[in-house]
Amino acid sequence: MQLFNSPFFWFLEGILFCLVILGFKVWAEDRCVPMPFWKWLLLVAWMALLGFTLAFIGTSLGEGEANAAVKGGILFGIVVVISGVGLWRLIMIGRRTRGRDAPADS
Amino acid sequence: MAETRRQTPKAALFKYLSIIVVLSAAAVYGRFRSGPVLEPYVHEVFPEAARMEVSDGIYAALTEQGKLLGWAGVGSASGYGGPLLVIVGIDTEGHVVGARVVEHRETPLFLRMARVSRFFASLTGRSFDRIDYDYEHVVGVTGASRSAGAITAGVRAAVMKIAARKFSIQLSSPERPFEFGILEITLLVLFTIGIASQYLGSSVSELLRWASQIVGLLIIGFWKNSPLTIAKITALLAGYFPGLRWSVSLYLLITGFVLTVMIFGTSIYCSHVCPFGAVQRCIGAVGGRSARLPTRSVRLLRGLRNFIVFFAVFSALIVSKPALASYEPFAVVFALKGSLLQWFLLLIVILASLVINRPWCRLFCPMRVCERVLQDARQRGIDYWKARRHD
(Lines give C-alpha, C1' and ligand atoms only; values in the text may rest on other atoms or scores of the structure.)
Protein backbone atom coordinates (compact mmCIF):
# COMPACT_ATOMS: atom_id res chain seq x y z
CA MET A 1 0.00 0.00 0.00
CA GLN A 2 2.95 2.31 0.59
CA LEU A 3 3.68 2.22 -3.15
CA PHE A 4 0.41 3.97 -4.00
CA ASN A 5 1.24 6.88 -1.70
CA SER A 6 4.79 7.33 -2.94
CA PRO A 7 5.81 9.97 -5.54
CA PHE A 8 7.41 7.15 -7.51
CA PHE A 9 3.98 5.62 -8.22
CA TRP A 10 2.63 8.89 -9.60
CA PHE A 11 5.82 9.43 -11.60
CA LEU A 12 5.37 5.94 -13.10
CA GLU A 13 1.70 6.54 -13.77
CA GLY A 14 2.50 9.84 -15.54
CA ILE A 15 5.03 8.06 -17.77
CA LEU A 16 2.54 5.31 -18.58
CA PHE A 17 -0.18 7.86 -19.35
CA CYS A 18 2.14 9.69 -21.76
CA LEU A 19 3.08 6.39 -23.42
CA VAL A 20 -0.59 5.45 -23.85
CA ILE A 21 -1.41 8.83 -25.43
CA LEU A 22 1.69 8.69 -27.63
CA GLY A 23 0.88 5.11 -28.65
CA PHE A 24 -2.65 6.09 -29.50
CA LYS A 25 -1.39 9.00 -31.65
CA VAL A 26 0.90 6.66 -33.61
CA TRP A 27 -1.91 4.11 -33.95
CA ALA A 28 -4.36 6.76 -35.24
CA GLU A 29 -1.84 8.04 -37.82
CA ASP A 30 -1.00 4.50 -38.89
CA ARG A 31 -4.69 3.65 -39.38
CA CYS A 32 -5.48 7.00 -41.07
CA VAL A 33 -7.90 8.02 -38.30
CA PRO A 34 -8.26 11.81 -38.18
CA MET A 35 -7.94 13.11 -34.63
CA PRO A 36 -9.27 16.69 -34.29
CA PHE A 37 -9.13 18.39 -30.91
CA TRP A 38 -12.66 17.33 -29.84
CA LYS A 39 -11.76 13.66 -30.22
CA TRP A 40 -8.69 14.17 -28.02
CA LEU A 41 -10.83 15.98 -25.45
CA LEU A 42 -13.36 13.13 -25.38
CA LEU A 43 -10.57 10.57 -25.17
CA VAL A 44 -8.96 12.32 -22.20
CA ALA A 45 -12.36 12.66 -20.48
CA TRP A 46 -13.00 8.95 -21.00
CA MET A 47 -9.57 8.06 -19.62
CA ALA A 48 -10.31 10.21 -16.56
CA LEU A 49 -13.57 8.28 -16.10
CA LEU A 50 -11.72 4.98 -16.43
CA GLY A 51 -9.14 6.16 -13.90
CA PHE A 52 -11.89 7.26 -11.52
CA THR A 53 -13.57 3.83 -11.81
CA LEU A 54 -10.33 1.99 -11.08
CA ALA A 55 -9.57 4.36 -8.21
CA PHE A 56 -13.08 3.83 -6.79
CA ILE A 57 -12.67 0.06 -6.83
CA GLY A 58 -9.15 0.28 -5.40
CA THR A 59 -9.96 2.68 -2.59
CA SER A 60 -13.15 0.80 -1.68
CA LEU A 61 -11.21 -2.45 -1.43
CA GLY A 62 -8.49 -0.66 0.52
CA GLU A 63 -11.06 0.46 3.07
CA GLY A 64 -12.49 -3.05 3.37
CA GLU A 65 -15.72 -2.17 1.53
CA ALA A 66 -15.87 -5.11 -0.87
CA ASN A 67 -19.61 -4.67 -1.46
CA ALA A 68 -19.14 -1.04 -2.48
CA ALA A 69 -16.22 -2.05 -4.71
CA VAL A 70 -18.34 -4.64 -6.55
CA LYS A 71 -21.44 -2.46 -6.92
CA GLY A 72 -19.51 0.71 -7.74
CA GLY A 73 -17.28 -1.26 -10.11
CA ILE A 74 -20.33 -2.64 -11.93
CA LEU A 75 -22.10 0.73 -12.04
CA PHE A 76 -19.14 2.82 -13.21
CA GLY A 77 -17.81 -0.10 -15.27
CA ILE A 78 -21.05 -0.14 -17.26
CA VAL A 79 -20.78 3.61 -17.85
CA VAL A 80 -17.13 3.22 -18.90
CA VAL A 81 -17.88 0.38 -21.33
CA ILE A 82 -20.91 2.07 -22.92
CA SER A 83 -19.15 5.43 -23.24
CA GLY A 84 -16.06 3.59 -24.49
CA VAL A 85 -18.02 1.90 -27.27
CA GLY A 86 -19.68 5.21 -28.17
CA LEU A 87 -16.30 6.97 -28.15
CA TRP A 88 -14.79 4.27 -30.36
CA ARG A 89 -17.53 4.79 -32.94
CA LEU A 90 -17.01 8.57 -32.78
CA ILE A 91 -13.24 8.21 -33.17
CA MET A 92 -13.71 6.05 -36.23
CA ILE A 93 -15.70 8.80 -37.95
CA GLY A 94 -13.85 10.01 -41.04
CA ARG A 95 -11.43 7.09 -41.12
CA ARG A 96 -9.80 6.70 -44.53
CA THR A 97 -8.67 3.38 -45.94
CA ARG A 98 -5.19 3.45 -47.51
CA GLY A 99 -6.24 1.67 -50.71
CA ARG A 100 -9.01 4.11 -51.53
CA ASP A 101 -7.04 7.29 -50.83
CA ALA A 102 -3.71 6.23 -52.32
CA PRO A 103 -2.97 7.53 -55.85
CA ALA A 104 -3.59 4.96 -58.53
CA ASP A 105 -0.46 3.31 -59.98
CA SER A 106 0.13 4.30 -63.54
CA MET B 1 -44.36 -18.89 -30.75
CA ALA B 2 -43.05 -21.47 -33.19
CA GLU B 3 -42.97 -24.25 -30.61
CA THR B 4 -46.54 -23.53 -29.47
CA ARG B 5 -47.78 -23.48 -33.08
CA ARG B 6 -46.67 -27.07 -33.60
CA GLN B 7 -48.79 -28.28 -30.71
CA THR B 8 -52.23 -29.69 -31.39
CA PRO B 9 -55.11 -27.93 -29.64
CA LYS B 10 -55.47 -30.87 -27.26
CA ALA B 11 -51.77 -30.84 -26.34
CA ALA B 12 -51.84 -27.08 -25.79
CA LEU B 13 -54.99 -27.37 -23.69
CA PHE B 14 -53.36 -30.09 -21.59
CA LYS B 15 -50.20 -27.99 -21.13
CA TYR B 16 -52.06 -24.84 -20.07
CA LEU B 17 -54.47 -26.74 -17.83
CA SER B 18 -51.54 -28.48 -16.10
CA ILE B 19 -49.83 -25.14 -15.49
CA ILE B 20 -53.04 -23.57 -14.20
CA VAL B 21 -53.75 -26.49 -11.86
CA VAL B 22 -50.19 -26.55 -10.44
CA LEU B 23 -50.07 -22.77 -9.92
CA SER B 24 -53.58 -22.69 -8.44
CA ALA B 25 -52.68 -25.48 -6.01
CA ALA B 26 -49.54 -23.56 -4.99
CA ALA B 27 -51.54 -20.35 -4.53
CA VAL B 28 -54.23 -22.05 -2.45
CA TYR B 29 -51.62 -23.81 -0.30
CA GLY B 30 -49.68 -20.58 0.23
CA ARG B 31 -52.79 -18.55 0.98
CA PHE B 32 -54.47 -20.86 3.45
CA ARG B 33 -51.57 -22.37 5.32
CA SER B 34 -51.49 -21.52 9.03
CA GLY B 35 -50.85 -17.92 9.93
CA PRO B 36 -47.93 -16.63 11.97
CA VAL B 37 -47.47 -17.64 15.60
CA LEU B 38 -47.64 -14.32 17.42
CA GLU B 39 -46.47 -15.21 20.94
CA PRO B 40 -42.72 -14.94 20.19
CA TYR B 41 -43.27 -11.45 18.79
CA VAL B 42 -45.22 -10.39 21.87
CA HIS B 43 -42.26 -11.62 23.93
CA GLU B 44 -39.91 -9.55 21.77
CA VAL B 45 -42.03 -6.45 22.40
CA PHE B 46 -42.52 -7.24 26.12
CA PRO B 47 -39.34 -9.20 27.08
CA GLU B 48 -40.23 -9.17 30.80
CA ALA B 49 -43.66 -10.77 30.22
CA ALA B 50 -43.99 -14.21 31.83
CA ARG B 51 -47.40 -15.05 30.36
CA MET B 52 -50.01 -13.56 28.10
CA GLU B 53 -53.76 -13.62 27.66
CA VAL B 54 -55.60 -13.10 24.42
CA SER B 55 -58.94 -11.39 24.27
CA ASP B 56 -60.64 -9.59 21.41
CA GLY B 57 -57.58 -10.12 19.18
CA ILE B 58 -55.28 -8.27 21.59
CA TYR B 59 -52.53 -9.86 23.69
CA ALA B 60 -52.25 -8.75 27.31
CA ALA B 61 -48.68 -9.15 28.58
CA LEU B 62 -48.45 -10.12 32.27
CA THR B 63 -45.66 -10.64 34.78
CA GLU B 64 -45.26 -13.81 36.90
CA GLN B 65 -47.31 -12.14 39.63
CA GLY B 66 -50.06 -11.21 37.19
CA LYS B 67 -49.21 -7.53 36.91
CA LEU B 68 -50.34 -6.09 33.59
CA LEU B 69 -47.43 -4.72 31.53
CA GLY B 70 -49.38 -3.65 28.46
CA TRP B 71 -51.06 -4.86 25.31
CA ALA B 72 -49.86 -5.97 21.91
CA GLY B 73 -52.01 -5.77 18.79
CA VAL B 74 -51.53 -6.68 15.16
CA GLY B 75 -52.21 -4.30 12.28
CA SER B 76 -52.42 -5.22 8.61
CA ALA B 77 -51.86 -3.20 5.46
CA SER B 78 -51.37 -3.86 1.78
CA GLY B 79 -47.72 -3.83 0.72
CA TYR B 80 -45.86 -4.36 -2.57
CA GLY B 81 -46.34 -8.13 -2.57
CA GLY B 82 -49.53 -8.49 -0.52
CA PRO B 83 -50.67 -7.99 3.09
CA LEU B 84 -48.09 -7.01 5.68
CA LEU B 85 -48.64 -7.62 9.41
CA VAL B 86 -47.09 -5.44 12.11
CA ILE B 87 -47.29 -5.99 15.87
CA VAL B 88 -47.18 -2.99 18.20
CA GLY B 89 -46.83 -3.09 22.00
CA ILE B 90 -48.29 -0.33 24.17
CA ASP B 91 -47.83 -0.13 27.97
CA THR B 92 -50.58 0.68 30.47
CA GLU B 93 -49.62 4.38 30.37
CA GLY B 94 -50.29 4.46 26.64
CA HIS B 95 -46.67 4.58 25.47
CA VAL B 96 -45.33 2.46 22.63
CA VAL B 97 -42.80 -0.10 23.89
CA GLY B 98 -41.89 -1.68 20.56
CA ALA B 99 -42.97 -2.77 17.11
CA ARG B 100 -42.05 -5.64 14.79
CA VAL B 101 -42.94 -6.88 11.31
CA VAL B 102 -44.69 -10.22 11.90
CA GLU B 103 -45.40 -11.34 8.35
CA HIS B 104 -44.70 -9.82 4.99
CA ARG B 105 -44.55 -10.57 1.29
CA GLU B 106 -42.01 -7.90 0.40
CA THR B 107 -38.50 -8.44 -0.90
CA PRO B 108 -36.10 -9.40 1.92
CA LEU B 109 -33.85 -6.51 0.87
CA PHE B 110 -36.52 -3.97 1.72
CA LEU B 111 -37.12 -5.29 5.20
CA ARG B 112 -33.40 -5.50 5.91
CA MET B 113 -33.12 -1.84 5.06
CA ALA B 114 -36.28 -0.92 6.94
CA ARG B 115 -34.85 -2.53 10.05
CA VAL B 116 -31.67 -0.57 9.59
CA SER B 117 -33.71 2.58 9.45
CA ARG B 118 -34.73 3.79 12.86
CA PHE B 119 -38.41 3.92 12.15
CA PHE B 120 -39.46 1.38 14.76
CA ALA B 121 -36.99 2.79 17.26
CA SER B 122 -38.44 6.25 16.73
CA LEU B 123 -41.86 4.98 17.85
CA THR B 124 -40.63 3.67 21.20
CA GLY B 125 -41.58 5.79 24.21
CA ARG B 126 -44.13 7.88 22.33
CA SER B 127 -47.69 8.22 23.54
CA PHE B 128 -50.00 6.36 21.17
CA ASP B 129 -51.89 9.55 20.28
CA ARG B 130 -48.69 11.42 19.46
CA ILE B 131 -47.06 9.08 17.01
CA ASP B 132 -45.27 10.66 14.09
CA TYR B 133 -45.96 8.30 11.23
CA ASP B 134 -42.73 9.21 9.54
CA TYR B 135 -43.56 7.80 6.17
CA GLU B 136 -40.99 9.88 4.32
CA HIS B 137 -38.21 8.73 6.64
CA VAL B 138 -38.66 5.08 5.70
CA VAL B 139 -39.16 5.94 2.04
CA GLY B 140 -36.01 8.01 2.03
CA VAL B 141 -33.96 5.14 3.36
CA THR B 142 -35.33 2.34 1.22
CA GLY B 143 -36.80 3.83 -1.94
CA ALA B 144 -39.69 1.34 -1.63
CA SER B 145 -42.69 3.61 -1.15
CA ARG B 146 -45.43 0.94 -1.19
CA SER B 147 -43.66 -1.27 1.38
CA ALA B 148 -42.81 1.69 3.61
CA GLY B 149 -46.39 2.94 3.39
CA ALA B 150 -47.63 -0.52 4.38
CA ILE B 151 -45.41 -0.58 7.48
CA THR B 152 -46.63 2.81 8.69
CA ALA B 153 -50.25 1.91 7.86
CA GLY B 154 -49.85 -1.40 9.71
CA VAL B 155 -48.48 0.39 12.80
CA ARG B 156 -51.36 2.86 12.63
CA ALA B 157 -53.94 0.05 12.37
CA ALA B 158 -52.46 -1.80 15.37
CA VAL B 159 -52.31 1.38 17.49
CA MET B 160 -55.91 2.28 16.59
CA LYS B 161 -57.08 -1.21 17.57
CA ILE B 162 -55.44 -1.05 21.03
CA ALA B 163 -56.53 2.56 21.59
CA ALA B 164 -60.16 1.74 20.81
CA ARG B 165 -60.40 -1.51 22.77
CA LYS B 166 -58.22 -0.80 25.80
CA PHE B 167 -58.28 2.99 26.19
CA SER B 168 -61.73 3.60 24.65
CA ILE B 169 -60.26 6.28 22.42
CA GLN B 170 -61.21 6.40 18.76
CA LEU B 171 -58.19 7.68 16.82
CA SER B 172 -58.94 9.18 13.46
CA SER B 173 -57.40 7.51 10.45
CA PRO B 174 -56.58 9.72 7.49
CA GLU B 175 -58.11 8.27 4.37
CA ARG B 176 -55.56 7.20 1.81
CA PRO B 177 -55.77 9.65 -1.07
CA PHE B 178 -56.86 8.63 -4.54
CA GLU B 179 -53.58 8.16 -6.35
CA PHE B 180 -53.80 9.73 -9.76
CA GLY B 181 -50.76 11.79 -10.65
CA ILE B 182 -47.93 12.09 -13.09
CA LEU B 183 -47.33 8.32 -13.22
CA GLU B 184 -50.91 7.45 -14.12
CA ILE B 185 -51.16 10.28 -16.68
CA THR B 186 -47.87 9.19 -18.25
CA LEU B 187 -49.09 5.61 -18.55
CA LEU B 188 -52.33 6.70 -20.20
CA VAL B 189 -50.46 8.95 -22.65
CA LEU B 190 -47.85 6.31 -23.53
CA PHE B 191 -50.44 3.58 -24.10
CA THR B 192 -52.43 6.01 -26.28
CA ILE B 193 -49.30 6.82 -28.31
CA GLY B 194 -48.57 3.11 -28.66
CA ILE B 195 -52.10 2.38 -29.89
CA ALA B 196 -52.00 5.35 -32.30
CA SER B 197 -48.66 4.07 -33.66
CA GLN B 198 -50.43 0.92 -34.86
CA TYR B 199 -52.28 3.03 -37.41
CA LEU B 200 -49.49 5.42 -38.45
CA GLY B 201 -46.70 5.16 -41.02
CA SER B 202 -43.50 3.39 -40.05
CA SER B 203 -41.29 6.51 -39.86
CA VAL B 204 -43.78 8.45 -37.70
CA SER B 205 -44.46 5.47 -35.46
CA GLU B 206 -40.71 4.87 -35.03
CA LEU B 207 -40.26 8.49 -33.99
CA LEU B 208 -43.18 8.23 -31.56
CA ARG B 209 -41.76 4.98 -30.19
CA TRP B 210 -38.44 6.63 -29.40
CA ALA B 211 -40.18 9.59 -27.78
CA SER B 212 -42.51 7.45 -25.66
CA GLN B 213 -39.69 5.15 -24.58
CA ILE B 214 -37.54 8.08 -23.48
CA VAL B 215 -40.46 9.54 -21.50
CA GLY B 216 -41.13 6.08 -20.00
CA LEU B 217 -37.47 5.72 -19.08
CA LEU B 218 -37.38 9.07 -17.29
CA ILE B 219 -40.78 9.03 -15.55
CA ILE B 220 -41.74 5.35 -15.06
CA GLY B 221 -38.12 4.27 -14.62
CA PHE B 222 -35.86 6.81 -12.96
CA TRP B 223 -38.48 9.00 -11.29
CA LYS B 224 -41.21 6.60 -10.15
CA ASN B 225 -39.42 3.23 -10.43
CA SER B 226 -42.71 1.52 -11.28
CA PRO B 227 -42.21 -0.85 -14.21
CA LEU B 228 -44.41 -3.91 -14.61
CA THR B 229 -42.76 -6.84 -12.87
CA ILE B 230 -43.60 -10.52 -12.50
CA ALA B 231 -44.07 -9.89 -8.76
CA LYS B 232 -47.10 -7.69 -9.52
CA ILE B 233 -48.65 -10.39 -11.70
CA THR B 234 -47.85 -13.04 -9.08
CA ALA B 235 -49.52 -10.95 -6.34
CA LEU B 236 -52.74 -10.93 -8.39
CA LEU B 237 -52.43 -14.68 -9.05
CA ALA B 238 -52.08 -15.18 -5.28
CA GLY B 239 -55.35 -13.32 -4.81
CA TYR B 240 -53.95 -10.09 -3.40
CA PHE B 241 -55.84 -7.29 -5.09
CA PRO B 242 -54.74 -3.93 -3.66
CA GLY B 243 -57.36 -1.19 -3.44
CA LEU B 244 -58.02 0.57 -6.73
CA ARG B 245 -57.85 4.01 -5.07
CA TRP B 246 -54.13 3.74 -4.30
CA SER B 247 -53.11 1.28 -7.02
CA VAL B 248 -54.41 2.95 -10.19
CA SER B 249 -51.00 2.67 -11.88
CA LEU B 250 -50.83 -1.08 -11.20
CA TYR B 251 -54.23 -1.72 -12.75
CA LEU B 252 -53.42 0.59 -15.68
CA LEU B 253 -50.21 -1.33 -16.35
CA ILE B 254 -51.82 -4.76 -16.21
CA THR B 255 -54.98 -3.80 -18.11
CA GLY B 256 -52.93 -1.99 -20.77
CA PHE B 257 -50.59 -4.94 -21.13
CA VAL B 258 -53.32 -7.60 -21.44
CA LEU B 259 -55.76 -5.61 -23.58
CA THR B 260 -53.19 -4.46 -26.14
CA VAL B 261 -51.86 -8.00 -26.60
CA MET B 262 -55.38 -9.38 -27.00
CA ILE B 263 -56.46 -6.64 -29.43
CA PHE B 264 -53.33 -5.97 -31.48
CA GLY B 265 -51.43 -9.23 -30.96
CA THR B 266 -48.41 -7.33 -29.66
CA SER B 267 -47.55 -5.76 -26.33
CA ILE B 268 -47.72 -1.96 -26.47
CA TYR B 269 -46.26 -1.97 -22.95
CA CYS B 270 -43.09 -3.71 -24.16
CA SER B 271 -42.67 -1.56 -27.26
CA HIS B 272 -43.64 1.89 -25.93
CA VAL B 273 -43.83 1.97 -22.12
CA CYS B 274 -41.26 -0.37 -20.53
CA PRO B 275 -38.35 1.72 -19.16
CA PHE B 276 -35.90 -1.19 -19.17
CA GLY B 277 -36.64 -1.80 -22.84
CA ALA B 278 -35.73 1.86 -23.41
CA VAL B 279 -32.45 1.41 -21.53
CA GLN B 280 -31.50 -1.49 -23.80
CA ARG B 281 -32.57 0.36 -26.92
CA CYS B 282 -30.46 3.42 -26.05
CA ILE B 283 -27.43 1.24 -25.29
CA GLY B 284 -28.03 -0.73 -28.48
CA ALA B 285 -28.01 2.52 -30.46
CA VAL B 286 -24.55 3.27 -29.03
CA GLY B 287 -23.15 -0.22 -29.63
CA GLY B 288 -24.73 -0.91 -33.00
CA ARG B 289 -26.27 -4.27 -31.84
CA SER B 290 -25.00 -6.05 -34.96
CA ALA B 291 -24.57 -9.56 -33.52
CA ARG B 292 -27.01 -12.35 -34.36
CA LEU B 293 -27.50 -15.25 -31.96
CA PRO B 294 -27.76 -18.78 -33.40
CA THR B 295 -31.38 -19.98 -33.54
CA ARG B 296 -30.62 -23.02 -31.39
CA SER B 297 -29.12 -20.84 -28.65
CA VAL B 298 -32.13 -18.53 -28.72
CA ARG B 299 -34.49 -21.50 -28.43
CA LEU B 300 -32.46 -22.96 -25.57
CA LEU B 301 -32.35 -19.65 -23.67
CA ARG B 302 -36.08 -19.11 -24.15
CA GLY B 303 -36.78 -22.60 -22.81
CA LEU B 304 -34.60 -21.83 -19.83
CA ARG B 305 -36.45 -18.53 -19.30
CA ASN B 306 -39.84 -20.27 -19.38
CA PHE B 307 -38.64 -22.72 -16.75
CA ILE B 308 -37.20 -19.95 -14.54
CA VAL B 309 -40.43 -17.94 -14.75
CA PHE B 310 -42.57 -20.98 -13.87
CA PHE B 311 -40.26 -21.93 -11.01
CA ALA B 312 -40.14 -18.34 -9.67
CA VAL B 313 -43.93 -17.91 -9.77
CA PHE B 314 -44.55 -21.38 -8.29
CA SER B 315 -42.07 -20.79 -5.44
CA ALA B 316 -43.48 -17.35 -4.70
CA LEU B 317 -47.05 -18.68 -4.63
CA ILE B 318 -46.27 -21.65 -2.41
CA VAL B 319 -44.59 -19.48 0.23
CA SER B 320 -47.16 -16.73 -0.41
CA LYS B 321 -44.50 -14.07 -1.03
CA PRO B 322 -45.13 -12.68 -4.55
CA ALA B 323 -42.17 -10.30 -4.33
CA LEU B 324 -39.81 -13.29 -4.34
CA ALA B 325 -40.76 -14.05 -7.97
CA SER B 326 -39.17 -10.82 -9.13
CA TYR B 327 -35.73 -11.59 -10.48
CA GLU B 328 -35.61 -8.61 -12.82
CA PRO B 329 -32.76 -6.14 -12.25
CA PHE B 330 -35.05 -3.09 -12.64
CA ALA B 331 -34.53 -1.77 -9.11
CA VAL B 332 -30.76 -1.88 -9.64
CA VAL B 333 -31.00 0.38 -12.68
CA PHE B 334 -33.64 2.78 -11.42
CA ALA B 335 -32.97 2.90 -7.67
CA LEU B 336 -29.50 1.33 -7.31
CA LYS B 337 -31.03 -1.28 -5.00
CA GLY B 338 -30.87 -5.05 -5.43
CA SER B 339 -29.09 -8.24 -4.56
CA LEU B 340 -25.55 -8.93 -5.75
CA LEU B 341 -26.96 -11.47 -8.23
CA GLN B 342 -29.17 -8.77 -9.76
CA TRP B 343 -26.16 -6.44 -10.07
CA PHE B 344 -24.26 -9.10 -12.03
CA LEU B 345 -27.35 -9.88 -14.10
CA LEU B 346 -27.61 -6.20 -14.96
CA LEU B 347 -23.94 -6.10 -15.98
CA ILE B 348 -24.43 -9.06 -18.34
CA VAL B 349 -27.63 -7.63 -19.86
CA ILE B 350 -26.19 -4.16 -20.36
CA LEU B 351 -23.02 -5.46 -22.01
CA ALA B 352 -25.06 -7.81 -24.20
CA SER B 353 -27.32 -4.88 -25.19
CA LEU B 354 -24.36 -3.27 -26.92
CA VAL B 355 -24.16 -6.06 -29.48
CA ILE B 356 -27.56 -7.83 -29.36
CA ASN B 357 -30.94 -6.20 -29.92
CA ARG B 358 -32.79 -5.98 -26.54
CA PRO B 359 -31.43 -9.24 -25.08
CA TRP B 360 -33.41 -8.97 -21.83
CA CYS B 361 -36.73 -8.54 -23.66
CA ARG B 362 -36.04 -11.37 -26.08
CA LEU B 363 -34.36 -13.91 -23.84
CA PHE B 364 -34.95 -13.25 -20.15
CA CYS B 365 -37.99 -11.02 -19.51
CA PRO B 366 -40.84 -12.80 -17.66
CA MET B 367 -43.37 -10.41 -19.20
CA ARG B 368 -42.47 -11.86 -22.61
CA VAL B 369 -43.66 -15.24 -21.34
CA CYS B 370 -46.99 -13.65 -20.35
CA GLU B 371 -47.16 -12.01 -23.78
CA ARG B 372 -46.53 -15.35 -25.53
CA VAL B 373 -49.27 -17.06 -23.52
CA LEU B 374 -51.75 -14.28 -24.34
CA GLN B 375 -50.73 -14.28 -28.02
CA ASP B 376 -51.21 -18.03 -28.17
CA ALA B 377 -54.63 -17.79 -26.52
CA ARG B 378 -55.59 -14.99 -28.93
CA GLN B 379 -54.49 -16.91 -32.00
CA ARG B 380 -56.25 -20.09 -30.91
CA GLY B 381 -59.40 -18.08 -30.23
CA ILE B 382 -59.23 -16.56 -33.71
CA ASP B 383 -58.62 -19.98 -35.31
CA TYR B 384 -61.53 -21.47 -33.38
CA TRP B 385 -63.85 -18.61 -34.34
CA LYS B 386 -62.85 -18.90 -38.04
CA ALA B 387 -63.42 -22.67 -37.99
CA ARG B 388 -66.85 -22.18 -36.45
CA ARG B 389 -67.75 -19.57 -39.10
CA HIS B 390 -66.79 -21.90 -41.96
CA ASP B 391 -68.86 -24.70 -40.44
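Letters A, B, ... mirror the listed sequences (proteins, then strands); counts begin at 1. The basis for the numbers below is simple: all heavy atoms, side chains too, and nothing from hydrogens, waters or symmetry mates.
Around the CH2 atom of A:Trp10, the shell of radius 6.0 Å holds no more than 12 heavy atoms that belong to other residues, nucleotides or ligands. Counting non-hydrogen atoms of other residues, nucleotides and ligands closer than 6.0 Å to CZ of B:Phe311 gives a total of 12 or fewer.
For the atom pair CD1 of A:Ile82 and SG of B:Cys282, the computed distance is 9.5 Å after rounding to the nearest 0.5 Å. Of the inter-residue distances, the one linking B:Ile350 atom CD1 with A:Ile74 atom CD1 reads 11.5 Å to the nearest 0.5 angstrom. Annotation: the span from A:Asn67 atom CG to B:Trp343 atom CH2 amounts to 9.0 Å, rounded to 0.5 Å.
The two residues A:Lys71 and B:Leu340 have their closest heavy-atom pair at CE-CD1, 4.2 Å.
For chain A, the option among B:Leu354, B:Val286, B:Leu346, B:Ile283 with the highest count of heavy-atom pairs below 4.5 Å is B:Val286.
Screening B:Leu347, B:Leu336, B:Val332 for a side chain to side chain contact (heavy atoms under 4.5 Å, CB included) with A:Leu75, the sole residue that qualifies is B:Leu336.
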